[in-house]
Amino acid sequence: MKQNNPTRLVIFVQIFDFMAIIITDECINCGACEPECPNNAIYEGGAEWKYADGTTLKGIITTLDGEEISADQEQEPVSMDVYYISHDKCTECVGFHDEPQCAAVCPVDCCVDDPDYRESEDELLAKKNFLHL
Ligand code: SF4
Ligand code: SF4
């Protein structure tokens, strides 16, 4: 008789428990989510984002991907038309709140899980610690 492998089950849960949050085209640009983000990961369409915004990062930093850049360097907007979330700053609110605050306040429910971008809780906590020393 085939037996379950508990080790494989634990690994599966840890890897796929969290998905990044994205803002869909349904966004009505109300701006309600932006001040709720503990990482300043939400930007208006067309606005450049920076690691330094709303974090303790300054000067030359080494990102979690190993890239050396200035924390004040302006990064390409993810969307030109509607509010967007920088994956590099979103921790899905891990370390701050029990649930994503942007999704909690959005009046049209357009802050949703991104099935193509998944991070474990450990990775999200590491990102939170990177952004806020
Ligand atoms: Fe910010 Fe939390 Fe929304 Fe991520 S899930 S963008 S950290 S409010
Ligand atoms: Fe767009 Fe929702 Fe944020 Fe308003 S709260 S700007 S509709 S994502």
Side-chain angles (χ1 to χ4, degrees):
M1 191 169 113
K2 194 175 174 185
Q3 296 201 338
N4 288 332
N5 183 334
T7 305
R8 289 182 66 184
L9 178 64
V10 168
I11 291 170
F12 179 84
V13 168
Q14 284 182 335
I15 292 175
F16 297 115
D17 203 20
F18 289 86
M19 286 184 271
I21 305 295
I22 56 168
I23 293 174
T24 70
D25 290 345
E26 306 294 311
C27 173
I28 58 171
N29 288 321
C30 72
C33 55
E34 187 181 359
E36 302 301 324
C37 180
N39 300 315
N40 205 327
I42 302 173
Y43 290 82
E44 196 171 357
E48 284 95 0
W49 68 271
K50 297 178 196 168
Y51 278 103
D53 292 335
T55 71
T56 57
L57 295 172
K58 54 186 175 185
I60 301 298
I61 59 168
T62 303
T63 68
L64 294 174
D65 294 332
E67 187 185 2
E68 268 203 3
I69 60 167
S70 166
D72 286 310
Q73 184 173 315
E74 293 183 333
Q75 312 274 350
E76 287 283 309
V78 175
S79 169
M80 298 304 287
D81 304 316
V82 293
Y83 276 72
Y84 70 87
I85 294 170
S86 165
H87 279 170
D88 294 292
K89 295 178 74 180
C90 175
T91 60
E92 300 170 45
C93 288
V94 166
F96 293 100
H97 303 288
D98 292 338
E99 61 177 348
Q101 296 300 285
C102 50
V105 301
C106 180
V108 293
D109 295 330
C110 68
C111 301
V112 299
D113 290 334
D114 181 353
D116 296 328
Y117 196 99
R118 292 171 169 166
E119 294 166 290
S120 69
E121 185 168 13
D122 285 349
E123 288 173 319
L124 292 167
L125 273 174
K127 193 189 299 182
K128 184 252 180 192
N129 292 334
F130 164 70
L131 295 171
H132 306 277
L133 296 175

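Count residues from 1 along the sequence.
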To the nearest 0.5 Å, how far apart are CD1 in I61 and OH in Y51? 6.0 Å
For C110 and C106, the nearest pair of non-hydrogen atoms, with its separation, is N-SG, 3.4 Å
Heavy-atom donor-acceptor pair, D113 side chain to P115 backbone, under 3.5 Å: no
Determine whether a donor-acceptor pair (N or O, by modelled atom type, separation under 3.5 Å) exists between the side chain of E74 and the backbone of D72. no
Note: C93 and P100 closest approach over all heavy atoms is SG-CA, 3.8 Å
Nearest 0.5 angstrom please: D109 CG to E26 CD, how far? 10.5 Å
Close side-chain approach of D114 to I85, heavy-atom, < 4.5 Å: no
Remaining members of the apolar cluster that contains I28, side-chain heavy atoms under 4.5 Å: V108
When you compare the side chain of I22 with that of D116, does any pair of heavy atoms fall below 4.5 Å? no
What donor-acceptor contacts under 3.5 angstrom involve side-chain atoms of residues 124-133, with partners at least two apart or in another chain?
unit_1: K127; atom_1: NZ; unit_2: H87; atom_2: O; d: 2.6
unit_1: K127; atom_1: NZ; unit_2: C90; atom_2: O; d: 2.8
unit_1: K127; atom_1: NZ; unit_2: E119; atom_2: OE1; d: 3.4
unit_1: K127; atom_1: NZ; unit_2: E119; atom_2: OE2; d: 2.8
unit_1: N129; atom_1: ND2; unit_2: L125; atom_2: O; d: 3.3
unit_1: H132; atom_1: NE2; unit_2: N39; atom_2: OD1; d: 2.8

Do you reckon L64 sits in the same ILVMFWY cluster as I21, going by side-chain contacts under 4.5 Å, direct or chained? no
If you round to the nearest 0.5 Å, how far is SG of C102 from CD of E92? 9.5 Å
Taking atom CD as the centre, does Q75 end up with more than 12 heavy-atom neighbours from other residues, nucleotides or ligands that are less than 6.0 angstrom away? yes
If you take all heavy atoms of C33 and V105, which pair is closest and at what distance? CA-CG2, 3.8 Å
Would the distance check show the side chain of E123 and the main-chain N or O of S120 forming a donor-acceptor pair, the cut-off being under 3.5 Å? yes
Please list every donor-acceptor pair under 3.5 Å in which a side-chain atom of residues 77-84 meets a protein atom from a residue at least two apart or in another chain.
unit_1: S79; atom_1: OG; unit_2: D81; atom_2: N; d: 3.2
unit_1: S79; atom_1: OG; unit_2: V82; atom_2: N; d: 3.1
unit_1: S79; atom_1: OG; unit_2: V82; atom_2: O; d: 3.2
unit_1: Y84; atom_1: OH; unit_2: A47; atom_2: O; d: 2.5

All heavy atoms of P38 vs all of H97, minimum pair found to be CG-CD2, 4.3 Å
Within the side chain of K89, is there an N or O that forms a donor-acceptor pair under 3.5 Å with the backbone of G54? no
